[in-house]
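Have a look at the structure below before the remarks.
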Protein chains: 2
Amino acid sequence: MTIDHRERPATDLSAPNTSTSGDTTAMDRCSIEVTLDVIGDRWSLLVLRNVFRGRHRFSEIQADLGIAKNLLSDRLSKLVTHDVLERVPYQDRPVRHDYRLTAKGADLSPALIALMGWGDRWYATQGAPTVLVHQSCGEPLEQAVRCPACDEIVSPGKIRSRPGPGNSSIRPSSDRQEIDSDRQEIDEDVDD
Amino acid sequence: MTIDHRERPATDLSAPNTSTSGDTTAMDRCSIEVTLDVIGDRWSLLVLRNVFRGRHRFSEIQADLGIAKNLLSDRLSKLVTHDVLERVPYQDRPVRHDYRLTAKGADLSPALIALMGWGDRWYATQGAPTVLVHQSCGEPLEQAVRCPACDEIVSPGKIRSRPGPGNSSIRPSSDRQEIDSDRQEIDEDVDD
DNA sequence: CCGCTGAGTTGCAAAAATAAACCCACTCTC
DNA sequence: GAGAGTGGGTTTATTTTTGCAACTCAGCGG
């Protein structure tokens, strides 16, 4: 539980942000930030990868990762506290647990897939160590952004972002913002 | 350049790894691991989010994040070294740079989107601070796994994984493995 | 009873993160 | 052209986090 509540000083420098109109006082933390507070350390995602892969026991994970036992213990406790994993006893006397994904934990799979995909694309010189394939055709899969309403795949240039309901500084005048498709900016200039 | 080359001690304990048949000498590191070596620290993804969002200057990023200047300097250098960002001078004497995404850096957007989505789904109680919407219909987008060959969306249960060409311990007998769809395991039991 | 295993804790040295101060090459203002 | 300001960093302490080793504790096998 050593989450650091670093709260940036609200840009008192009033940076002449070329595109921004006005106040930048919104203090909600962006979702990437809160996510990183939970799984944004060196080991958590690696631990989760092991659980995804079916290694549910302390010693299995520890052997695979080579992580120090106290760290693994801390990471597991933290993940349990954050409701990403749950401890389910598989024997009592001595109580021993499996660590299993909660729904919330399982919902991290897109992130794991995205991270794995990036490593594959840019670092796997002899090809990916592991590939995800389609059950029916056996062909490699990829991740895409899609629009459930239109039921179609959306290319990066067709993505826009806008302040959501949780944004405390929604300014009507800049409600919808074009994403620069060259640079693929995925966030608008509202200070979330 | 403080990547720690933690190379797990090859499990000298000769852990009786229940599920694995035989040698566990494969030494390629899984793609999630190599990815985390590049962007798997507390700040890198947050820095990248800022660059995605159009903040290209040292001081802009520093003001937004409230990160210590030496750390930001380190992170930026590291990201430049890893070819995720590039420094493009926008003036000389004193040389000043913008930090811009390389293709490799821009290719991290699915990961950022996935992480943001997870934070939105599980922590944004009053709704997401930022939502990604479809340009044409304005409806919120989601990420999905799809099969380019079949041109269809693949649900988690239809995903299988198998050792890829970069896996140095491909054992033909266990070439294709079913993913437990309840727990959404995304990796097979080969020691990558 | 003796040693072994699985799943941790505790203690301590080493490494990394942070904050604050300092630096340097300019530019702007008077 | 002296003084202040700015962008983009280094340097130097201080605090936190790691990582390793040793220790614990409950049961098990012989």
Side-chain angles (χ1 to χ4, degrees), chain A residues 1-9 11-18 36-37 40-44 46-47 50-51 55-80 85 87-99, chain B residues 1-18 36-37 40-47 50-51 55-81 85 87-100:
Chain A
M1 267 37 48
T2 26
I3 303 173
D4 70 312
H5 298 285
R6 138 191 53 67
E7 45 202 324
R8 51 251 154 91
T11 318
D12 285 318
L13 317 165
S14 70
N17 205 329
T18 51
L36 291 179
D37 275 348
D41 61 274
R42 174 124 239 102
W43 293 108
S44 292
L46 262 10
V47 169
N50 268 276
V51 180
R55 296 201 226 277
H56 303 286
R57 310 266 248 253
F58 188 95
S59 57
E60 291 175 317
I61 300 170
Q62 206 258 320
D64 179 74
L65 254 31
I67 181 178
K69 279 144 51 114
N70 54 351
L71 276 200
L72 179 55
S73 186
D74 285 356
R75 282 314 92 98
L76 288 171
S77 301
K78 182 179 165 190
L79 291 170
V80 167
L85 294 179
R87 254 183 264 260
V88 314
Y90 64 89
Q91 67 169 50
D92 357 279
R93 12 199 342 218
V95 193
R96 294 281 176 266
H97 318 89
D98 276 347
Y99 290 92
Chain B
M1 276 43 49
T2 27
I3 303 173
D4 72 312
H5 297 285
R6 140 189 55 66
E7 43 201 324
R8 46 252 158 89
T11 318
D12 284 319
L13 318 165
S14 69
N17 208 328
T18 51
L36 290 179
D37 275 348
D41 62 276
R42 177 125 233 99
W43 294 107
S44 293
L45 283 173
L46 261 10
V47 168
N50 269 275
V51 180
R55 295 201 228 276
H56 303 286
R57 308 267 249 254
F58 188 95
S59 57
E60 291 174 318
I61 300 169
Q62 206 257 320
D64 179 74
L65 254 29
I67 182 178
K69 279 146 54 119
N70 54 351
L71 274 201
L72 178 55
S73 186
D74 285 357
R75 280 316 93 98
L76 287 171
S77 301
K78 181 179 164 187
L79 291 170
V80 167
T81 302
L85 294 179
R87 252 183 264 260
V88 314
Y90 64 88
Q91 67 170 47
D92 357 278
R93 14 196 341 182
V95 193
R96 292 283 174 266
H97 318 90
D98 277 347
Y99 291 91
R100 297 198 169 265

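Computed from a predicted structure; not experimentally measured. Lettering follows sequence order; numbering is per chain, from 1.
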Heavy-atom closest contact (Lys78(B) atom, Asp41(B) atom, distance): NZ-OD1, 3.8 Å
Passes salt bridge (Lys or Arg N to Asp or Glu O under 4.0 Å), Asp98(B) versus Arg57(B)? Steps please. CA-CA 5 Å; Asp98(B) 277 347; Arg57(B) 308 267 249 254; 3.3 Å; yes
Contact under 4.0 Å: Arg75(A) side-chain N or O vs dT18(D) OP1/OP2: yes
Phosphate contact (dG8(D) OP1 or OP2) by Ser73(B) side-chain N/O below 4.0 Å: no
For a quick test of reading the model: is some side-chain N or O of Tyr99(A) closer than 4.0 Å to OP1 or OP2 of dA7(C)? no
Taking all non-hydrogen atoms of both residues, which atom of Phe58(B) and which atom of Leu72(B) are closest, and how far apart? O-CD2, 3.5 Å
Leu36(B) and Arg42(A): which non-hydrogen atoms are nearest, and at how many Å? O-NH2, 3.3 Å
Expressed as a whole number of angstroms, how long is the span from Lys78(B):NZ to dA16(C):P? 11 Å
Give the rounded distance in Å between these two atoms: CG of Leu65(B) and C1' of dA19(C). 16 Å
Given His56(B), Arg55(B), Gln62(B), Glu60(B), the one that forms side chain to side chain contact (heavy atoms under 4.5 Å, CB included) with Asn50(B): Arg55(B)
Before you tell me yes or no, could you show the steps for Trp43(B) and Leu71(B) under side-chain contact (heavy atoms from CB on, under 4.5 Å), namely the whole-Å CA-CA distance, both residues' side-chain angles and the distance that decides it to 0.1 Å? CA-CA 9 Å; Trp43(B) 294 107; Leu71(B) 274 201; 3.7 Å; yes
Using atom NE2 of His56(B) as one end and atom P of dG8(D) as the other, report the distance to the nearest whole Å. 13 Å
Polar pairs (N or O, both sides) under 3.5 Å between protein and nucleotides 23-25 of chain C?
none

OP1 or OP2 of dG8(D) under 4.0 Å from side-chain N/O of Ser59(B): yes
Starting at atom CG of Leu72(B), determine the distance to atom P of dA16(C), rounded to an integer number of angstrom. 19 Å
Please walk me through it: do Leu46(B) and Arg75(B) pass side-chain contact (heavy atoms from CB on, under 4.5 Å)? CA-CA 10 Å; Leu46(B) 261 10; Arg75(B) 280 316 93 98; over 6 Å; no
Using whole Å, report how far CD of Glu60(A) lies from C1' of dT5(C). 14 Å
Using modelled atom types and a 3.5 Å cut-off, is there a donor and acceptor pairing between side-chain atoms of Thr81(B) and backbone atoms of Ser77(B)? yes
Between dT18(D) (P) and Arg42(B) (CZ): distance, integer Å: 10 Å
Mind listing the N/O atom pairs, protein and nucleotides 10-12 of chain C, below 3.5 Å?
from	atom 1	to	atom 2	distance (Å)
dG11(C)	O6	Asn70(A)	ND2	3.3

Just to confirm, is there a sub-4.0 Å distance from OP1 or OP2 of dG19(D) to any side-chain nitrogen or oxygen of Trp43(A)? yes
When you get a sec, tell me which of dA7(C), dG19(D), dG9(D) is the closest nucleotide to the side chain of Phe58(A)? dA7(C)
Which whole-number value in Å describes the distance from Ile67(A) CD1 to dA7(C) C1'? 14 Å
Just by modelled atom types, is the Val88(A) backbone N or O under 3.5 Å from a matching donor or acceptor in the His97(A) side chain? no
Would you mind classifying the nucleic acid contact of Leu71(B) as base, sugar-phosphate or nothing, using non-hydrogen atoms under 4.0 angstrom? base
